[in-house]
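Worksheet for the structure shown next.
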Number of protein chains: 2
Amino acid sequence: MEKISEFTVRRLSNYYRILLDLEKRGIPTVSSARLAELGGITSAQVRKDLSYFGNFGTRGLGYSVTELKNAIVEILGLNRQWTMALFGAGSLGHALFFHEGFREDGFYFKHVFDVDPKKVGTKWNDVDITHQRNAEEVLRRDPVHIAVVATPPEAATDIIELLVRAGTKGILNFAPTQLTVPDGVWLRNVNLAVALESLSFYLSM
Amino acid sequence: MEKISEFTVRRLSNYYRILLDLEKRGIPTVSSARLAELGGITSAQVRKDLSYFGNFGTRGLGYSVTELKNAIVEILGLNRQWTMALFGAGSLGHALFFHEGFREDGFYFKHVFDVDPKKVGTKWNDVDITHQRNAEEVLRRDPVHIAVVATPPEAATDIIELLVRAGTKGILNFAPTQLTVPDGVWLRNVNLAVALESLSFYLSM
DNA sequence: TAGATTGTTAATCGATTAACAATC
DNA sequence: TAGATTGTTAATCGATTAACAATC
């Protein structure tokens, strides 16, 4: 397979959400031009993105909403369950754990780790909050696909190292810490401050 | 001023955080090569990014950590207070409201809006939670620089419209809704599902 | 001075867009 | 068939990197 850029993958996520909405509204087909309009991009971009993965449309007619949605579900790997472990049971961790959209997409939390003795031993839904010192052992015994790091920045580096040792292959990091991972491990950073600072930059102009 | 890309602005945010850390560790100077190493990019990229805004270094010696940090603070507009309004007092809104890093950077919430009668009338710290139907009036009387939207996706479109009417110029949107704003209004989207779907895509390969 | 490192220009790389033959 | 729209190639645009003169 030709190398797929992160840009393309992010747009696929967007097409997926747009198609879900069209399907809910009972719209049977969509053209690349309409999909582009709804996504705020060009129709050439839409067709180019899809062309990496196959031919999903019909010339003259466009795309079947349901078929294209199902194809993107396959491409993004959303046709199965993804297990996750949460590090950090603070307010951000809480928001992520209880975020409806994740479970609907097939992502669900199996483990929660924290260092706060007041939290360790309690439960969120039916998931125990475990002390972080046991995380490596727990994840070796009962691995997850993805770890979500929502701890203070100082804690993130150690957590990444234990995750690599435990064999976790996907990491979503919310801590504003520069992290590196070996080949074969996928790391995505979400930095809330960066988005705000981009606004303050453009608002200052 | 030459047009500055969003890529450059995001890297400036990163340089800022790296420089804060170097300063805290008492390191007086840094070269573009070292800054690049810490940020996981190339030294040419660092020098190019900075060159849009001025000459901050000394040939042969590199950059003064404190001076460069202060210069970036100016560039990003972090040398002042930014007022914000939060829409949606759910668990994500709660996490954002109580997020330490924002206030440290000069961003703070002045208003919180929600539609839940159980929440309206209560307070977070010293900020009243107000019914969303009064948001436009409140924001006209007491405007903010930035609105943060952490509501269900169905609510986002109406909120964006009221914000535009109220004259709010910066919007940080967490709702997975395709939104458009007129010229002069800056919108940034943060979509948590997109980051996870990018992981599931690459993990599926 | 000699070594180090910036600031900037030119070259490269990769992503987006335009254009159009294929075809429903 | 005629009009519409895909899939793909080539052209364009913009971002990154290499290279190096300037200079501390």
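So you know, we letter chains A, B, ... as the sequences are listed, proteins then strands, and number each from 1.
- One can place CD of B:Q45 at 18 Å from C1' of C:dT5, the figure rounded to the nearest angstrom.
- In this pair, B:W82 and B:H145 present their aromatic rings perpendicular. The plane angle is above 60°, beyond the 30 to 60° band.
- Heavy atoms of B:R34 sit nowhere under 4.0 angstrom from any nucleic acid atom.
- Atom OH of A:Y52 and atom P of D:dG7 are 14 Å apart (whole Å).
- Not one side-chain nitrogen or oxygen of B:T42 sits closer than 4.0 Å to the OP1 or OP2 atom of D:dT16.
- Taking atom CD1 of residue B:I4 and atom P of nucleotide D:dA15, one finds them 10 Å apart after rounding to whole Å.
- Ring-plane geometry between B:F113 and B:F87 is classed as tilted, the angle between the planes lying from 30 to 60 degrees on a 0 to 90 degree scale.
- Residue order along DNA chain C, read from the 5' end via each residue's closest nucleotide, puts A:R11 first among A:R59 and A:R11.
- Classified by interplanar angle (parallel below 30°, tilted 30° to 60°, perpendicular above 60°), the ring pair B:F201/A:F53 is perpendicular.
- Residue B:N55 contributes atom CG, which lies 15 Å from atom C1' of C:dT9 at whole-angstrom precision.
- Taking atom CZ on B:F7 and atom C1' on C:dT16, their separation rounds to 11 Å, with Å as the unit.
- Salt bridge A:E137/A:R140: absent, no basic N to carboxylate O contact under 4.0 Å.
- The side chain of B:K48 has D:dT16 as its nearest neighbour among D:dT16, D:dT5, D:dT8.
- Rounded to whole angstrom, the span from the CZ atom of B:F56 across to the P atom of C:dT6 amounts to 14 Å.
- Here A:Y63 reaches the OP1 or OP2 of D:dG7: one of its side-chain N or O atoms lies under 4.0 Å away.
- For B:S5, the listed nucleotide lying nearest its side chain is D:dA15; candidates were D:dA15, C:dT17, D:dT16.
- When rounded to the nearest whole Å, the span between CZ of A:F53 and C1' of D:dT6 equals 17 Å.
- Each of A:R17, A:R25, A:K24 was checked for a side-chain hydrogen bond (donor to acceptor under 3.5 Å, both in side chains) with A:D21, and the lone residue meeting it is A:R25.
- Between B:T58 and D:dC24 there is no side-chain N or O to OP1 or OP2 distance below 4.0 Å.
- Counting any heavy atom pair closer than 4.0 Å across all strands shown, B:T8 reaches no nucleic acid atom.
- One atom, CD of B:E6, and another, C1' of D:dT16, lie 17 Å apart when rounded to the nearest Å.
- In this structure, C:dG7 and D:dC20 make a Watson-Crick or G-U wobble pair, each of the two defining distances being under 3.5 angstrom.
- The side chain of A:S32 places no N or O atom within less than 4.0 Å of a non-bridging phosphate oxygen (OP1 or OP2) of D:dT5.
- Distances from the side chain of A:R47 to the nucleotides D:dT6, C:dT16, C:dT17 place D:dT6 closest.
- The side chain of A:A44 lies closest to C:dT17, out of D:dA15, D:dT23, C:dT17.
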